[in-house]
Amino acid sequence: MRKIYPSAAAALDGIVRDSQLLAVGGFGLCGIPEALIEALRASGAKNLTVVSNNAGVDGFGLGKLLETRQIRKMISSYVGENKEFERQYLAGELELEFTPQGTLAEKLRAGGAGIPAFFTRTGVGTMVAEGKETREFDGKTYVMERSLVPDVSLGKAWMADESGNLVFRRTARNFNPAVIMAGRISVVEVEKIVPTGSIDPDAVHLPGIYVHRLVLNPNPEKRIEKRTIRDKAPA
């Protein structure tokens with residue numbers, strides 16, 4: 001099965017529709033699938049529920065989909081750095097399922113592992129646990145969290161071989177492996193594609209069985225979320 005598609009738009013063709021549950025990799029602007037997000041915007045798909053640690057920034061990353069009002073609901077753990085997100089949420093135009101970061105990561109990991117739910121102490125006694133089942137284990141209360149299995153996952157890796165075996169680069173790995181594993185269909189944007197067998201099996205971070213479609217983006221913009229510089233002290 002050939003997994004490589006000629007463009008991000010072609011990689012999303014036929015699998016993205018209105019009202020889907022999508023997961024998108026990245027942390028801030030680090031490791032986000034820039035070309036796939038742009039193609040998702042161009043697809044016009046709307047009424048989307050998007051699972052991601054955050055929602056990019058104004059005018060970049062998932063912030064582009066907020067501008068076009070394609071996202072109905074965010075399931076995320078951080079909502080700073082985005083004024084349009086704040087405006088839509090406070091105006092009641094955007095739903096938010098605020099989720100502790102570790103819980104969000106585990107909801108995706110468990111979904112990819114075929115585990116429908118799990119118990120955690122995180123959020124017990126807070127609004128996070130409202131309406132959820134709780135249970136006592138060894139004298140301590142835990143809340144049950146349902147796993148996430150997105151209709152489509154969009155991920156980013158540094159390198160892939162033609163079979164979809166992935167290598168991530170440093171902190172850009174972040175949420176990407178869990179997001180890619182969890183999707184019913186997973187599309188991955190990479191900066192480099194090599195022949196199958198070129199990657200040392202011990203160097204593979206995520207096997208190609210989880211990857212359905214690949215698209216090459218050799219020169220992503222890789223914006224810095226918040227750049228802070230300091231005047232050089234005089235000698």
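Taking the side chain as every heavy atom from C-beta outward, Leu22 and Leu40 approach each other to under 4.5 Å. In this structure, Thr99 and Ile75 have side chains that are in contact, with non-hydrogen atoms separated by less than 4.5 Å. Side-chain contact between Leu104 and Leu148 is present, with heavy atoms from C-beta onward closer than 4.5 Å. A 4.5 Å side-chain heavy-atom check between Leu166 and Leu214 finds at least one atom pair inside the cut-off. Within the 4.5 Å cutoff, side-chain heavy atoms of Leu66 are placed close to those of Leu94. Side-chain contact between Ile15 and Arg213 is present, with at least one heavy-atom pair separated by less than 4.5 Å. Contact annotation: the side chain of Ile4 never approaches that of Leu216 to less than 4.5 Å [non-hydrogen atoms, C-beta and beyond]. Residues Leu12 and Ser43 have side chains not in contact (no heavy-atom distance under 4.5 Å, counting atoms from C-beta outward).
Linking ILVMFWY side-chain heavy atoms closer than 4.5 Å, directly or via other members, places Met74 and Leu65 in a single hydrophobic cluster. One hydrophobic cluster, built from ILVMFWY side chains closer than 4.5 Å, holds both Ile209 and Val188. By the criterion of side-chain heavy atoms lying less than 4.5 angstrom apart, applied directly or through intervening Ile, Leu, Val, Met, Phe, Trp or Tyr residues, Val51 is not grouped with Ile71; the two fall into different hydrophobic clusters. In terms of hydrophobic clustering, with Ile, Leu, Val, Met, Phe, Trp and Tyr side chains grouped at heavy-atom distances under 4.5 Å, Val215 and Met159 are assigned to different clusters. Phe27 and Val57 fall into different hydrophobic clusters, defined by Ile, Leu, Val, Met, Phe, Trp and Tyr side-chain heavy atoms under 4.5 Å apart, directly or through other members.
Residues that satisfy the side chain to side chain donor-acceptor pair (under 3.5 Å) test with Arg135, not counting sequence neighbours, are Glu133. Arg109 meets the salt bridge (charged side-chain N to carboxylate O under 4.0 Å, His left out) test with Glu106; sequence neighbours excluded. Applying the side chain to side chain contact (heavy atoms under 4.5 Å, CB included) test to Val79 and every residue at least two apart in sequence or in another chain returns Ser76, Phe85, Leu96, Phe98. Legend: residues meeting side chain to side chain contact (heavy atoms under 4.5 Å, CB included) with Ala35, ordered by chain and number and at least two apart, are Ala8, Glu189, Asn217. By the salt bridge (charged side-chain N to carboxylate O under 4.0 Å, His left out) test, Arg146 is found to be paired with no residue, residues two or more places apart in sequence or in another chain being considered. For Thr122, the side chain to side chain contact (heavy atoms under 4.5 Å, CB included) test picks out Pro100, Thr103, Thr120, with sequence neighbours left out. Legend: residues meeting salt bridge (charged side-chain N to carboxylate O under 4.0 Å, His left out) with Lys3, ordered by chain and number and at least two apart, are absent. Residues passing the salt bridge (charged side-chain N to carboxylate O under 4.0 Å, His left out) test with Arg87, sequence neighbours excluded: Glu84, Glu93. Glu221 is linked by a side chain to side chain contact (heavy atoms under 4.5 Å, CB included) to Glu34, Phe60, Arg223, counting only residues two or more places apart in sequence or in another chain.
Note that OG of Ser52 is 5.0 Å distant from CG of Leu62, once rounded to the nearest 0.5 Å. Atom CD of Glu145 sits about 3.5 Å away from atom NZ of Lys132, to the nearest 0.5 Å. If you take NZ on Lys222 and CD1 on Ile224, they are separated by 11.5 Å, rounding to the nearest 0.5 Å. For the atom pair Arg69 CZ and Arg72 CZ, the distance stands at 13.0 Å (nearest 0.5 Å). Distance CD1/Ile185 to NE2/His212: 6.5 Å, rounded to 0.5 Å.
For the pair Thr68 (side chain) and Lys64 (backbone), a donor-acceptor distance under 3.5 Å is present. A donor-acceptor contact shorter than 3.5 Å links the side chain of Asn82 to the backbone of Ala55. Side-chain atoms of Ser147 come within 3.5 Å of backbone N or O of Ile115 as a donor-acceptor pair. Between the side chain of Ser163 and the backbone N or O of Asn165 there is no donor-acceptor pair closer than 3.5 Å. For Ser186 (side chain) and Ser153 (main-chain N/O), no donor-acceptor pair under 3.5 Å exists by modelled atom type.
Of all heavy-atom pairs spanning Gly26 and Ile32, the tightest one is CA-CG2, 4.0 Å. The two residues Leu206 and Met181 come nearest to each other via the heavy atoms CD1-CG, 3.6 Å. When all heavy atoms of Pro150 and Ala182 are compared, the closest pair comes out as CD-O, 3.4 Å. In terms of heavy-atom proximity, Val143 sits nearest to Ala129 at CG2-CB, 3.9 Å. Considering all non-hydrogen atoms of both residues, Gly31 and Asn176 come closest at O-ND2, 3.0 Å. Of all heavy-atom pairs between Gln20 and Val16, the closest is OE1-CA, 3.3 Å.
Summarising the local packing, CG of Leu90 is surrounded by more than 12 heavy atoms from other residues, nucleotides or ligands at distances under 6.0 Å. No more than 12 heavy atoms of other residues, nucleotides or ligands shown are found within 6.0 angstrom of NZ on Lys192.
Listed by first and then second residue, the ring-ring contact (aromatic ring centres under 6.0 Å, His included) pairs involving residues 124-182 are Phe119-Phe137, Phe137-Tyr142 (not counting sequence neighbours). Identified under the salt bridge (Lys or Arg N to Asp or Glu O under 4.0 Å) test for residues 17-32, with sequence neighbours left out: Asp18-Lys46. Applying the salt bridge (Lys or Arg N to Asp or Glu O under 4.0 Å) test to pairs two or more places apart or on separate chains, those with a residue in residues 154-170 are Lys156-Glu191.
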